[in-house]
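Presented below is the structure to which this report refers.
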Amino acid sequence: LIAFPSFQEGAIRINPTTTESQELIFYSAKVIRSINTQTDEIKVLAKITDVEKGYINGLDVDKDGKVWVGTSTGLFVLEKNGGLKQLCANQLKAVSTVVSDFKGYLWVGVGLDLYRYHKKTGELIKYGKAEGVSANEYLPKSKLRSASGDIYLGGVEGFIRVNHSISEMKDFHPKFELLNIELNGTVFPTTKKEDAASIATIKIPYNHNSLLVNYFINTPDLGESKHC
């Protein structure tokens, strides 16, 4: 056993992934360090000195060795010079957890919401009930990227699994489901929800005064797709 010295910075958290150079990343609320798992050499990668950058809640290292940092004020990427560059400053605030997948995306927990950020294009998509994701306060240490590429994120209201084969958001097409049709304030008898799926043609009297069509769009919330 080898005991390493205390850095007098409060709790130390270790990121459970290593880069190709066998560097293990660990961090406190304000400092990010690496340790070489072969030589035990410790290096300081970044220090947060600006109040605007807040304190570190969590970070992740992607397959290319790039470090992505979630802080109390937003999402950052660690640059080669040790600086932290903020991403999507207007949309992502108080990041609680961040984890990268094998397809070039970051999954980011912010408050009660879950976002997917494309590292190359800057596309940011918010996931919600339409995608099967309920509001949850994601916890910094409750995350896992499995060997198959599935992402697990835990929070105070349970956890979710993001399948590694999840389709690109652009591959989704709206699916319209007819709920019912109301004529003159009354539900048209043959358009109740349980019958609507099997109806191809509906005949509507010419002398109706009002017509209301209720339908459900079963699709991801495309209106939440943005670029940072």
Side-chain angles (χ1 to χ4, degrees), residues 70 73-75 86-139 142-143 149-228:
T73 60
L75 176 67
Q86 189 165 11
L87 307 168
C88 299
N90 293 328
Q91 296 89 356
L92 300 179
K93 302 180 185 295
V95 173
S96 60
T97 189
V98 56
V99 59
S100 62
D101 62 19
F102 294 150
K103 299 175 71 174
Y105 293 100
L106 292 178
W107 295 88
V108 186
V110 181
L112 300 176
D113 299 319
L114 178 66
Y115 291 84
R116 186 180 76 176
Y117 173 77
H118 195 285
K119 293 182 286 187
K120 289 186 177 180
T121 66
E123 182 186 40
L124 182 70
I125 295 175
K126 180 180 177 180
Y127 280 70
K129 290 185 178 180
E131 297 77 55
V133 180
S134 299
N136 197 352
E137 185 178 347
Y138 297 99
L139 302 174
S142 298
K143 65 175 186 177
D150 290 350
I151 301 296
Y152 293 82
L153 293 170
V156 297
E157 297 292 338
F159 70 95
I160 65 168
R161 176 175 70 95
V162 180
N163 194 299
H164 68 278
S165 60
I166 186 172
S167 300
E168 302 289 336
M169 186 67 81
K170 63 184 179 182
D171 293 338
F172 285 96
H173 300 283
K175 181 180 179 181
F176 294 86
E177 178 184 348
L178 178 64
L179 298 179
N180 59 56
I181 294 178
E182 295 183 19
L183 287 174
N184 299 331
T186 303
V187 175
F188 202 60
T190 58
T191 61
K192 294 181 179 179
K193 184 176 180 181
E194 58 269 20
D195 303 322
S198 60
I199 298 174
T201 304
I202 298 174
K203 294 182 179 181
I204 299 174
Y206 72 92
N207 59 346
H208 67 276
N209 295 320
S210 66
L211 172 66
L212 177 64
V213 179
N214 296 308
Y215 59 89
F216 174 73
I217 305 177
N218 186 10
T219 182
D221 193 349
L222 301 180
E224 295 293 340
S225 177
K226 302 177 181 178
H227 283 78
C228 302

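Keep in mind it's a predicted model, so treat the numbers as computed, not measured.
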All side-chain hydrogen bond (donor to acceptor under 3.5 Å, both in side chains) counterparts of Asp150, not counting sequence neighbours: Arg161, His164

Taking C-beta and beyond as the side chain, do Val99 and Leu153 meet within less than 4.5 Å on heavy atoms? yes

Between Gly185 and Ser210 the two heavy atoms that sit nearest each other are N-OG, 3.8 Å

Contacts of type side-chain contact (heavy atoms from CB on, under 4.5 Å), residue Leu183, not counting sequence neighbours: Phe188, Ile204, Pro205, His208, Leu211

Determine the minimum heavy-atom distance between Leu106 and Ser100, stating which atoms define it. CD2-CB, 3.6 Å

Looking only at non-hydrogen atoms, find the nearest pair between Val95 and Gly70 and report the distance. CG1-CA, 3.6 Å

Using the test side-chain hydrogen bond (donor to acceptor under 3.5 Å, both in side chains), find all partners of Asn163 that sit at least two apart in sequence or belong to another chain. Ser165

Inter- and intrachain pairs under salt bridge (Lys or Arg N to Asp or Glu O under 4.0 Å), touching residues 90-101, at least two apart: none

side-chain hydrogen bond (donor to acceptor under 3.5 Å, both in side chains) against Thr73, all qualifying residues, sequence neighbours excluded: Thr71

Aromatic rings Phe159 and Tyr152: how do their planes relate, parallel, tilted or perpendicular, breaks at 30° and 60°? tilted

Nearest 0.5 Å, please: how far is CG in Leu212 from CG in Asn180? 7.5 Å

If I take atom NE2 from residue His118 and atom NZ from residue Lys103, how far apart are they, to the nearest 0.5 angstrom? 9.5 Å

Working to the nearest 0.5 Å, report the span between CD1 of Ile160 and CH2 of Trp107. 7.5 Å

Sequence neighbours excluded, which residues qualify as side-chain contact (heavy atoms from CB on, under 4.5 Å) partners of Glu157? Asn136

How far does CG of Leu75 sit from OH of Tyr117, to the nearest 0.5 angstrom? 7.0 Å

CG-OG1 distance between Leu124 and Thr121, expressed to the nearest 0.5 angstrom: 10.0 Å

Residue list, side-chain hydrogen bond (donor to acceptor under 3.5 Å, both in side chains) with Thr97, at least two apart or on another chain: none

What salt bridge (Lys or Arg N to Asp or Glu O under 4.0 Å) pairs are there with at least one residue in residues 105-114, not counting sequence neighbours? Asp113-Lys126

For the CG atom of Asn209 and the CG atom of Asn207, what is their distance to the nearest 0.5 Å? 7.5 Å

